[in-house]
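Let me begin by presenting the structure, written as C-alpha cells, before commenting on it.
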Amino acid sequence: ILENQIQLAAAREAIADELRVARDLAEQKASEAENLLAQNEAVFHSMADGLVILDLQGKIVQVNQAALNIFAIPAPSQLESVLDPRTGLGEFHTLAGDLLPFGDWPQSQAARGVCISNLELEFICSQPATRFLGSFNAVPVNNRQGNRILAALTFRDITALKRSEEVLRRTEQLAVTGRLAASIAHEINNPLSAVMNLLYLAEHQILGDPKAAELLNKAQKELRRVAA
C-alpha cells in the first residue's frame, strides 16, 4: 500500500510538472502572440499609405490613420458611409472625368475576387467636401479554406504628383513652342535679309528716280520691322 501511495504521489507530481510546463508554454505563446499583434498594429497605423479592410458587405473591419487623413475624415464610421454608394456621399471618377460605376470601384472588384493594381482615380466627396487623386490597389482576402471573406484596399494621395506632372508637361510644351518659333523666325529672317540686301542694291541703282528710291526705302523699313 505504501508503495502504491508513493507511485501515486510520483505520478501526481509528474502530471503537475507537465501542467506547469504546458501552462508556461501557453503563457509564452500568448505573450508572443500579443507582441506580434502589437507589432502588426504599430506597422498598420504607421503606414504612409491608406489601408482599409472591409467585409464583403462593405463594412469596415479595420482602417489606419493614413486612410482617414487622405479622405479628410475623422472617424471610421464616416468613412464607411462615404464608401457606401447608397449614401451618395462619395464618387470615383476616372482621370478623364468619367463617373465610375459602383461595380468598378476598387473595393467592389476585390470583393468579387479581382486584384487591382495602381488604378489612378479621382475621389470626390460631398460631405465633408473634399477630393483627391489617388493610386488604388485592392486584393481579396481568403480564409484557410480558400473562401473569400474580406477585401483589402490600399491607396496613396497623388494629387501633388499629378499637379507637378501637369506643370512639367506644360513647361515642355512651352519649350517646344519656343524652339519652333525660333526655328520659324530663323527661316523667315534668312530670305528677308536677302530681300533687304537686294532692295538696298536696287535703291542705289536708281538714284535718278527719287520716287522709286523713296518707295524702295519704305519697303526696306517695313522689312526691317518684320525682321525685328
Side-chain angles (χ1 to χ4, degrees), residues 37 39-177:
L37 180 61
Q39 292 173 7
N40 290 339
E41 286 285 338
V43 171
F44 183 83
H45 289 290
S46 65
M47 289 177 60
D49 290 357
L51 175 56
V52 182
I53 299 176
L54 309 100
D55 64 19
L56 301 184
Q57 287 71 48
K59 300 294 183 181
I60 290 181
V61 176
Q62 198 167 14
V63 57
N64 70 350
Q65 187 60 46
L68 298 176
N69 293 342
I70 292 173
F71 276 93
I73 292 175
S77 58
Q78 290 178 269
L79 180 58
E80 186 174 294
S81 297
V82 166
L83 293 177
D84 185 347
R86 294 170 297 184
T87 65
L89 295 177
E91 295 178 343
F92 278 103
H93 293 252
T94 67
L95 296 192
D98 299 324
L99 179 64
L100 202 68
F102 173 65
D104 292 337
W105 288 19
Q107 68 269 33
S108 299
Q109 296 195 58
R112 298 197 307 270
V114 180
C115 293
I116 301 298
S117 178
N118 297 324
L119 179 61
E120 295 183 350
L121 299 169
E122 181 178 24
F123 187 83
I124 302 175
C125 182
S126 60
Q127 186 179 350
T130 183
R131 63 197 303 162
F132 69 92
L133 302 177
S135 176
F136 292 84
N137 303 279
V139 294
V141 179
N142 299 334
N143 60 18
R144 292 182 178 180
Q145 290 71 41
N147 298 318
R148 193 161 51 253
I149 56 173
L150 299 170
L153 177 67
T154 64
F155 50 91
R156 64 182 57 185
D157 188 342
I158 59 171
T159 305
L161 174 63
K162 287 298 178 182
R163 286 176 180 169
S164 298
E165 289 178 353
E166 179 64 17
V167 169
L168 179 61
R169 185 183 66 82
R170 291 181 180 179
T171 302
E172 290 176 345
Q173 286 180 340
L174 289 174
V176 170
T177 302

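The figures here come from the full heavy-atom set of this structure, side chains too, leaving out hydrogens, waters and symmetry mates.
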Which atoms form the tightest heavy-atom contact between Gly58 and Glu80, and what is the distance?
-> O-CG, 3.8 Å
Any Leu161 side-chain heavy atom under 4.5 Å of Ser135 side chain = no
Decide yes or no for Gln109 and Asp104: does some side-chain heavy atom of the first lie under 4.5 Å from some side-chain heavy atom of the second?
-> yes
Could you grab the distance from atom CD1 of Ile149 to atom CG of Asp55, nearest 0.5 Å is fine?
-> 10.0 Å
Please name the pair of heavy atoms, one in Ala66 and one in Ala48, separated by the smallest distance, quoted to 0.1 Å.
-> CB-O, 3.5 Å
Side-chain donor or acceptor of Thr87 paired with backbone N/O of Val82 under 3.5 Å = no
Phe102 ring center near Phe92 ring center (under 6.0 Å) = no
Close side-chain approach of Val52 to Phe155, heavy-atom, < 4.5 Å = yes
To the nearest 0.5 Å, what is the distance between CD (Glu120) and NZ (Lys162)?
-> 3.5 Å
Locate the shortest heavy-atom distance separating Pro74 from Leu68; write the atom from each residue and the value.
-> O-CD1, 3.8 Å
Of all heavy-atom pairs linking Ala111 and Ala151, the shortest is N-CB, 4.0 Å
Does CZ in Arg112 sit with more than 12 non-hydrogen atoms of other residues, nucleotides or ligands closer than 6.0 Å?
-> yes
Rounded to the nearest 0.5 angstrom, the CD1-CG distance for Ile70 and Asp157 is 6.0 Å
Mind checking whether Phe123 and Phe136 have ring centres under 6.0 Å apart?
-> no
Output for pair (Arg169 CZ, Ser164 OG), nearest 0.5 Å, gives 13.5 Å
Between Ile53 and Val141, is a side chain to side chain contact (heavy atoms under 4.5 Å, CB included) present by the stated rule, with each step listed?
-> CA-CA 9 Å; Ile53 299 176; Val141 179; 5.6 Å; no
Look up atom CD in Glu122 and atom CG in Asp98, then write down how far apart they are to the nearest 0.5 Å.
-> 11.5 Å
Report yes or no: does Asp49 contribute a side-chain atom to a donor-acceptor pair with the main-chain N or O of Thr154 at less than 3.5 Å?
-> no
Shortest non-hydrogen contact from Ile116 toward Pro106 = CG1-O, 4.3 Å
Quick one: are Asn118 and Asn137 in side-chain contact, heavy atoms under 4.5 Å?
-> yes
Do other residues, nucleotides or ligands put more than 12 heavy atoms under 6.0 Å from the CD atom of Glu165?
-> yes
Please confirm whether the backbone N or O of Leu56 pairs with a side-chain atom of Arg148, one donor and one acceptor, at under 3.5 Å?
-> no
Less than 4.5 Å apart, any side-chain heavy atom of Thr130 and any of Phe71?
-> no
Spacing of Ile60 atom CD1 and Leu150 atom CG [to the nearest 0.5 Å] = 12.5 Å
What heavy-atom pair brings Ser108 and Gly103 nearest, and what distance separates the two atoms?
-> CB-O, 3.8 Å
